[in-house]
Amino acid sequence: MKELEKVYNPQEFEDRIYDFWVKEGAFHSEPDENKQPFTIVIPPPNVTGQLHMGHALDETLQDILIRYKRMQGYNGLWIPGTDHAGIATQIKVEEVLRKEEGLTRYDLGREKFLERVWDWKKMYGDRIINQLKKLGSSCDWDRERFTMDEGCSKAVKEVFVNLYNKGLIYKGNRIINWCPQCTTALSDAEVVYEEQPGHFWHIRYPVKDSNEYVTIATTRPETLLGDSAVAVHPEDERYTHLVGKMLILPLVGREIPVVADEYVDKEFGTGCVKITPCHDPNDFEVGKRHDLEEILIMDGNAKINANGGKYKGMDRYEARKQIVKDLEEGGYLVKIEDHTHNVGACYRCGCTVEPMASSQWFVKMQPLAEKAIAAVKEDQTQFVPDRFSKTYLNWMENVHDWCISRQLWWGHRIPAYYCDACGEMIISKEDVHTCPKCGAPMRQEEDVLDTWFSSALWPFSTLGWPERTKELDYYYPTSVLVTGYDIIFFWVARMIFSGLEQMGETPFKHVLIHGLVRDSQGRKMSKSLGNGIDPLEVIKEYGADALRFTLATGNAPGNDMRYYPERVESSRNFANKVWNAARFILMNLKEEDLSFSAENLKPEDEWILTRYNEVVRDVTETLNKFEIGLALQKVYDFIWDLFCDWYIELVKPRLYAGGEESASAQKVLLYVFSGALKMLHPFMPFITEEIWQALPVEEKACVTARFPVYDSKLTFPAGAEKMEHIMETIKAIRNRRAEMNVAHSRKASLYIETAHAEWFEGAESFYQKLSGADRVFINQPAPEGTVKLVCNGANLYIPFAELVDIEGEIARLTKELEKAKGELARVEGKLSNQGFIAKAPAALVEAETAKKEKFLALIVSLTESIEEMKNK
RNA sequence: GGAGGCAUAGCUCAGCUGGUUAGAGUACUUGCUUGACAUGCAAGGGGUCACUGGUUCGAUUCCAGUUGUCUCCACCA
């Protein structure tokens, strides 16, 4: 038998335990027809290669579920996420390149640049894996298999061609969100809106051949350069006479028409809107309806292009300044108003996005969304908690077409090939070098796909699709996806419709959504605030188990949680408690044969076994419902309160006495404790395994042991009830001794007066050990001069008369009496209510009746006691 | 503008399909080096479950409204 260190020190064993699991093949997950699969798809880690608190939360919840399922005999597989083609990766590398070598990606060229990204990617990938091990993550991460390799690219091409052939992918000129810093298009989901102070510039547009003019207001005056009309509402009498007339665009001198369009809100501003089809999504639509000229005025860096005339080459903000100045000088500027408005920013780099017309690839969402909506409505995929399905459905029902092309290099290149000679375009899974029409060389599309396009295929592309591999057969659809609510649109939704479209089946049965980890003041953890907490630092100080415990408990599913160091500390204290309980048990296990059997059980054994069984049942139930925090709370309460504070204390006299009674106690101790360890293992894997290795148990490792199962043969209602009565009286005695300031060392006799002598028989040692009694008498006359305690079903007498403060005692008893009377009134109120008697369940009526009896008896005893006191 | 969350002890939060003497951790008060643990043990104080109605025999729990607060989505020039 291995000894445990005297002091709980997780640093001493966590790494060793992890290696032990790997050596034992505990995370093995080859398809096995004799086992049920349990698959978890996990979100991508963040780009810095540094484990952050949110990711630690993801990993912890996933790991708890998969360890639990493995212990139930399931074949558990992680499908780890990688940010395998993200914009952020490229931007990060470009940043490093710029800083350290003063180069841009164009200086390096596509191929060399991609090599750089790939090396960098591997480096941080390794770092993340090592960090996850520290956390206890049982993901057997196969990097060769789960990276952006041949296979993944194959899947991407396959899907692209499939969708294109079904008419679900198209190329078109549309307004997209353009990030001038990342120099790429962004999808709607990648834009974050923020309120910013700005201005309304009111500008006068003269009517051609007239003294009239219209006034428009804009927040972006520089877009004036791209105006091709001014729109008014068709029923706006103020302007009907102008519709069809031409205006002279200030500074530019271009003639633009006044058009009538329902899009304009008569009530808002002057009722006139300048129309800039290439730089505003609504204007773009108006432009299409009225066949207006489309004038793009900026380049990829948001600098004014040749269409901007004299402003060419200016940055958009520079141009704004200059244009405002020129308008003012030309007498066109009517007024400037302060105005706060929402400005869209790139969610990666924070740069203000520019809406721009551009030729991009899109996925037609409506047909895909319809299936994805049906799948969730029909519960093929269930969100936990359920309310997040509303978030999902809301988004899906209002979804716009998805812009999937990105003007980046790191990513899957779109499998489209162009012939410059004859204009032919081919979409193909295979590379096409010569044009089948004219024989000229073809060139592949430069753009790459949105990260989330390939990420959306993750649940099946990683399993070998489009090949029909045995992994795919066995593990798809996966069991559960665990992620934060902030990623529902980016990833969850897209995996669902992609899975449905390509596999004909939803990619996972459950989506477990959790909240965000915030700092102690409720703020989001962020780099700019500097309030982020490094999980590795926490692990170093308190151990991975303590961090996992903290992340798994203390809040309801889907709600945000705050991070407090004090909470980790209290988790660590629990680990310490378990550690010391283990040490106590180990130093008391002296028997050769420790195999448990339900024989020679004492009431305290029956009590703890009954409670243990209940906890096994409850924990299993709650975990099956993904109520992870609740399950852990139950294990915690059982171990600390019931097992350590009560059972161990109750059983100490037997252990010290030795003999047959000690032997049976040892067996129960080991049985219950090892079972509790197994229940605790998914939550706190390291400490439970380390202790397991020291215990004389049959199963070789806690990680591969079988999760406890409820056993009706091991519940003993009678024994459990007897113990509850004894414990209630012990609490009452302790309470009174504390109130009277009786030293723990001062022993006293105890006289129990009861109509249920059987409840208290054989309990002498408990009273001696736990309530400072030296001798215990049942139903024997108590001597004069005692303290009387009134309990449910028994009166207790302790000879401490000299310590009694009569006045205080009367006050205390009176308070108790009032409380009991209040309870009685409540119960009687219920029982006298005919509606209650008639409609409430019978068991409840019975229970209330029993309560009434109990309170009646209590009131009689208390009243008597008060009278006695008054007579003294 | 649309949708959703939250409001329970000083603080952070549990409380699953209505019936509990409304809980935990932490903080606070008191007493304990009781042969696993002071990272501990024992005892205690502390809550009109935001407010107003409704449904019900019965509401912290379900429904509606009000107030406060947070978040997401859309976005009007």
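The chains referred to below are lettered A, B, ... by the order of the sequence lines, with proteins before strands, and numbering in each begins at 1.
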Problem set entry | 5' priority, RNA chain B, between A:N282 and A:A189 [closest heavy atom] | A:A189

Exercise. To the nearest angstrom, how far is A:R518 atom CZ from B:C6 atom C1'?
Worked result: 12 Å

Problem set entry | Ionic contact status for A:R562 with A:D519, cut-off 4.0 Å | no

Exercise. Counting any heavy atom closer than 4.0 Å, what does A:F388 reach on the DNA or RNA strands: base, sugar-phosphate only, or nothing?
Worked result: nothing

For this session: Looking only at non-hydrogen atoms, find the nearest pair between A:A582 and A:L4 and report the distance.
Result: CB-CD1, 3.7 Å

Problem set entry | Atom-pair distance (CZ on A:F383; P on B:G4), nearest Å | 16 Å

For this session: Could you tell me whether A:K577 sits above the aromatic face of A:Y636, with NZ or CZ closer than 6.0 angstrom to the six-membered ring centre and within 45 degrees of the axis?
Result: no

Exercise. On RNA chain B, nearest-nucleotide positions of A:Y8 versus A:K819: which is more 5'?
Worked result: A:K819

Exercise. Tell me, for nucleotides 10-18 of chain B in 5' to 3' order, what letter each nucleotide earns: B for a base near a protein heavy atom under 4.0 Å, S for only sugar-phosphate near one, - for neither?
Worked result: -SSSSSB--

Exercise. Touch check for A:F200, heavy atoms < 4.0 angstrom, all strands: base, sugar-phosphate only, or nothing?
Worked result: sugar-phosphate

For this session: At under 4.0 Å between heavy atoms, which parts of nucleotides 30-37 of chain B does protein reach? Answer with one letter per nucleotide, 5' to 3': B base, S sugar-phosphate only, - none.
Result: ----BBBB

For this session: Ignoring the backbone of A:F268, work out which of B:A77, B:U21, B:C75 is nearest its side chain.
Result: B:A77

Find every protein N or O atom lying less than 3.5 Å from an N or O atom of nucleotides 60-65 of chain B, and list the pairs.
none

For this session: Assign A:E823 to base, sugar-phosphate, or nothing according to its heavy-atom contacts below 4.0 angstrom with the strands shown.
Result: sugar-phosphate

Seminar exercise, completed: Taken in chain and number order and not counting sequence neighbours, the residues that satisfy side chain to side chain donor-acceptor pair (under 3.5 Å) with A:Q666 are A:S662

Problem set entry | Integer-rounded Å distance: B:G23 P and A:Y636 OH | 17 Å

For this session: Give one of base, sugar-phosphate or nothing for A:T219, where a contact means two heavy atoms less than 4.0 Å apart.
Result: sugar-phosphate

For this session: Check every strand shown and say whether A:T218 touches a base, only sugar-phosphate, or nothing at a heavy-atom separation below 4.0 Å.
Result: sugar-phosphate

For this session: State whether A:E354 and A:R220 are salt-bridged, where the test is any N-O pair (Lys NZ or Arg NE/NH1/NH2 against Asp/Glu carboxylate O) under 4.0 Å.
Result: yes

Problem set entry | Gap between atoms CD1 and C1', on A:I837 and B:G19 respectively (whole Å) | 13 Å

List, one per line, each side-chain donor-acceptor pair under 3.5 Å for residues 550-557 of chain A, sequence neighbours excluded.
residue : atom : partner : partner atom : Å
A:T550  : OG1  : A:A546  : O            : 2.7
A:T550  : OG1  : A:S571  : OG           : 2.8
A:N555  : ND2  : A:N559  : O            : 2.7

For this session: Would you mind classifying the nucleic acid contact of A:K854 as base, sugar-phosphate or nothing, using non-hydrogen atoms under 4.0 angstrom?
Result: base

Seminar exercise, completed: Per-residue pairing states of RNA chain B in dot-bracket (Watson-Crick or G-U under 3.5 Å; . unpaired, | other strand) read (((((((..((((.....[...)))).(((((.......))))).....(((((..]....))))))))))))....

For this session: Assign A:W201 to base, sugar-phosphate, or nothing according to its heavy-atom contacts below 4.0 angstrom with the strands shown.
Result: nothing

Problem set entry | A:K830 NZ to B:A59 P, straight-line distance once rounded to whole Å | 10 Å

Problem set entry | Phosphate contact (B:C41 OP1 or OP2) by A:W640 side-chain N/O below 4.0 Å | yes

For this session: Would you classify A:N342 as touching base, sugar-phosphate or nothing, given that sugar-phosphate means primed atoms plus P, OP1 and OP2, and contacts are heavy atoms under 4.0 Å?
Result: base

Exercise. Can a salt bridge be assigned to the pair A:R617 and A:E614 using a cut-off of 4.0 Å between side-chain N and carboxylate O?
Worked result: no

Exercise. Please give, in whole Å, the distance from B:G25 P to A:Y542 OH?
Worked result: 18 Å

For this session: Among A:F673, A:W640, A:F643, find the one that has a side-chain contact (heavy atoms from CB on, under 4.5 Å) with A:V578.
Result: A:F673

Problem set entry | Touch class at under 4.0 angstrom, heavy-atom based, for A:R826 against every strand present | sugar-phosphate

Exercise. Which one of A:H514, A:M53, A:R518, A:R567 satisfies the side-chain contact (heavy atoms from CB on, under 4.5 Å) criterion with A:M561?
Worked result: A:R567

